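Start at 1 and go down the list; that is how both ligands and their atoms are numbered. Every value quoted in this text rests on a predicted model; they were computed, and no experiment measured them.
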Amino acid sequence: MTNDPLVERMRAFGTTIFTEMSALALRTGSINLGQGFPDTDGPREMLDAVARSGPANQYPPLYGIPALRTAITGHERRFWGLERDPESEVVVTAGATEAVAAAILGLCEYGDEVVCFEPYYDSYAASITLAGAVRRPVTLRPGPDGRYRFDEGELRAAFGPRTRLVLLNSPHNPTGKVFTRAELALIAELCQAHDTYAVTDEVYEHLVFADAPERHTPLAALPGMLERTLRISSAGKTFSCTGWKVGWATGPAALVSAVARVKQFLTFVNAGPLQPAVAVALDLPDAYFTEFRAGLQARRDRLVTGLTEAGFTVLPSEGTYFVTTDITPLSDRGGADFCRELPARCGVVAVPTEVFYDHPEEGRHLIRFAFCKREEVIEEAAQRLSKLKP
Ligand SMILES: *Cc1c(COP(=O)(O)O)cnc(C)c1O
């Protein structure tokens with residue numbers, strides 16, 4: 001027997017960078033702009049609804065309570081014009097994370113390939129690996145204007161006879177990129193040409209800033225994609241309740257059923273007492289979503305000013321909770337070393353994006369800051385960062 005009982009395919013996955021960096025933040029009393037969770041509560045109507053929801057302490061239905069399923073499909077219709085049946089085309093999951101994992105476990109045979117974009121959200125690689133599938137990453141690189149792009153030839157080459165699905169996250173963590181309509185059209189064309197599914201992670205669907213070149217478009221809204229796309233989202237980011245872990249997947253009944261049949265043996269059900277409150281939140285008036293986005297944009301702008309003054313090259317953040325910066329003007333060392341030293345230098349924690357790549361050299365000089373924190377926290381962080389000025 002070997003010392004590490006963990007299955008071999010998971011051994012490359014150590015503790016995540018967030019664990020290391022959050023411990024460092026605590027030890028040094030630094031402001032933690034590493035992990036992306038808000039430090040304020042979500043909408044009052046949602047929190048009140050939890051208190052009001054009364055006894056909901058037993059197993060809810062596998063697919064989620066009817067009120068929440070109806071709210072999810074109603075919300076998709078209201079914002080994105082998508083039509084899904086609340087009876088058979090939506091399943092509630094333990095966060096978007098479980099939806100992604102259950103989708104990959106439920107759809108991929110051993111050796112099937114998953115096309116994804118690097119840098120990617122860290123759970124993707126682990127879920128693909130757990131399923132015995134193979135990832136085919138396409139690299140997002142900042143262009144001359146700072147906006148992240150992928151190479152069309154690289155994407156075309158990533159699709160092949162073993163491709164089962166493309167896993168797309170837009171608005172994109174960690175880059176803050178919002179995939180354009182033209183980029184989505186190319187992805188849709190390739191999905192149809194190769195007869196693959198698409199799984200989309202849209203947890204930042206409401207966080208595209210007013211100055212972004214394009215609004216968010218779900219891939220499912222493109223011609224020919226409704227019938228082959230599983231769309232995933234979650235309450236955590238939109239309603240500032242990341243600890244609730246209430247997510248969902250919507251799509252054709254067969255895809256949703258594949259997720260549900262795996263989910264029933266992972267968690268079966270989750271968050272019974274919270275499900276009615278998320279239904280209330282999804283039905284909030286447009287003003288909630290607009291104000292949430294505007295408030296976050298103001299905090300982004302304050303942090304970006306601080307980062308620019310500090311000497312970073314700041315890449316445009318079109319959406320999400322995050323902004324990435326190029327550290328080249330400040331250091332010729334990699335982002336990982338830079339981030340380990342940053343707390344001692346100025347009392348702020350960030351994360352190196354190289355940990356989100358299969359080709360870490362592509363992100364060696366990039367680091368990510370989260371701005372989903374209270375105004376005064378962002379203000380203090382911006383002032384501390386200005387001490388870095390060479
Ligand atoms: C935060 C995040 C998730 C996780 O969502 P949960 O609902 O907390 O599971 C998934 N995908 C991306 C891109 C995220 O940033």
Side-chain angles (χ1 to χ4, degrees), residues 16-19 21-22 32-39 42 46 64 68 72 75 90-105 114 116-128 130 135 137 140 148 166-179 198-208 216 218-219 230-250 259 262-263 266-267 269-271 274-275 277-278 281-282 292 296 300 317-324 351 353 355-357 368-373:
T16 72
I17 187 72
F18 302 109
T19 309
M21 288 299 163
S22 293
N32 189 353
L33 303 186
Q35 202 165 15
F37 61 89
D39 58 357
M46 178 182 85
L68 178 53
I72 292 166
H75 181 268
V90 50
V91 59
V92 175
T93 57
T97 309
E98 187 193 38
V100 169
I104 294 167
L105 288 165
V114 174
C116 53
F117 294 88
E118 67 172 0
Y120 44 66
Y121 185 62
D122 59 352
S123 85
Y124 296 178
S127 290
I128 293 167
L130 264 180
R135 55 188 187 271
L140 299 172
Y148 282 86
V166 53
L167 178 53
L168 174 71
N169 168 219
S170 181
H172 184 265
N173 173 9
T175 65
K177 171 185 172 63
V178 179
F179 281 69
V199 175
T200 62
D201 175 346
E202 301 177 38
V203 300
Y204 300 102
E205 60 190 296
H206 287 291
L207 292 177
V208 174
H216 173 60
L219 186 64
L230 188 77
R231 195 182 99 87
I232 292 168
S233 195
S234 153
K237 306 292 163 54
T238 302
F239 303 113
S240 305
C241 58
T242 56
W244 285 22
K245 297 297 279 189
V246 179
W248 52 85
T250 63
V259 172
V262 172
K263 179 198 162 64
L266 293 175
T267 54
V269 291
N270 60 285
L274 306 174
Q275 289 191 21
V278 173
L282 286 166
F292 179 55
L296 200 61
R300 177 200 68 173
S317 163
E318 301 167 357
T320 75
Y321 281 176
F322 307 108
V323 60
T324 57
V351 292
T353 67
V355 299
F356 305 121
Y357 290 80
R368 187 194 80 174
F369 292 86
F371 47 78
C372 51
K373 308 292 176 184

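Considering backbone and side-chain atoms alike, T97 places an N or O below 3.5 Å from some N or O of ligand 1. Remark: ligand 1 and E98 share no N or O pair separated by less than 3.5 Å (distance only, no angle test).
The closest heavy-atom contact to atom 15 (O) of ligand 1, among the options Y124, Y204, Y120, comes from Y204. When the options P171, S233, A96 are ranked by their closest heavy atom to atom 5 (O) of ligand 1, first place goes to A96.
Formation of a donor-acceptor pair under 3.5 Å by the Q35 side chain with backbone atoms of M21 is not found in this model. Distance alone, capped at 3.5 Å, places no donor-acceptor pair between the Y321 side chain and the F369 backbone.
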Please walk me through it: do S234 and K245 pass side chain to side chain donor-acceptor pair (under 3.5 Å)? CA-CA 8 Å; S234 153; K245 297 297 279 189; over 6 Å; no
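Side chains of D201 and Y124: a donor-acceptor N/O pair is present below 3.5 angstrom, by distance only.
For F371 and F322, the ring centers are positioned 6.0 Å apart or more.
Of the heavy atoms in H172, none comes closer than 4.0 Å to ligand 1. Counting heavy atoms under 4.0 Å from ligand 1, residue K245 touches it through the side chain alone. Looking at D201 against ligand 1, only its side chain comes within 4.0 Å, counting heavy atoms.
Just one residue in the list N173, T324, T175 forms a side-chain hydrogen bond (donor to acceptor under 3.5 Å, both in side chains) with R368, and that residue is N173. Screening E202, H206, H75, E205 for a side-chain hydrogen bond (donor to acceptor under 3.5 Å, both in side chains) with S233, the sole residue that qualifies is E205.
If you number the atoms of ligand 1 from 1 as listed, the ones under 4.0 Å from a heavy atom of N169 come out as 13 (C). Counting atoms of ligand 1 from 1 in the listed order, those under 4.0 Å from a heavy atom of G95 are 6 (P), 7 (O), 9 (O). Every atom of ligand 1 is numbered from 1 in the order shown, and the set under 4.0 Å from a heavy atom of S234 is 6 (P), 7 (O).
Looking from atom 14 (C) of ligand 1 to the surrounding protein, the closest heavy atom is K237 NZ, 3.1 Å.
Relative to the six-membered ring of F179, K177 meets both conditions, a distance below 6.0 Å and an angle of at most 45° to the axis.
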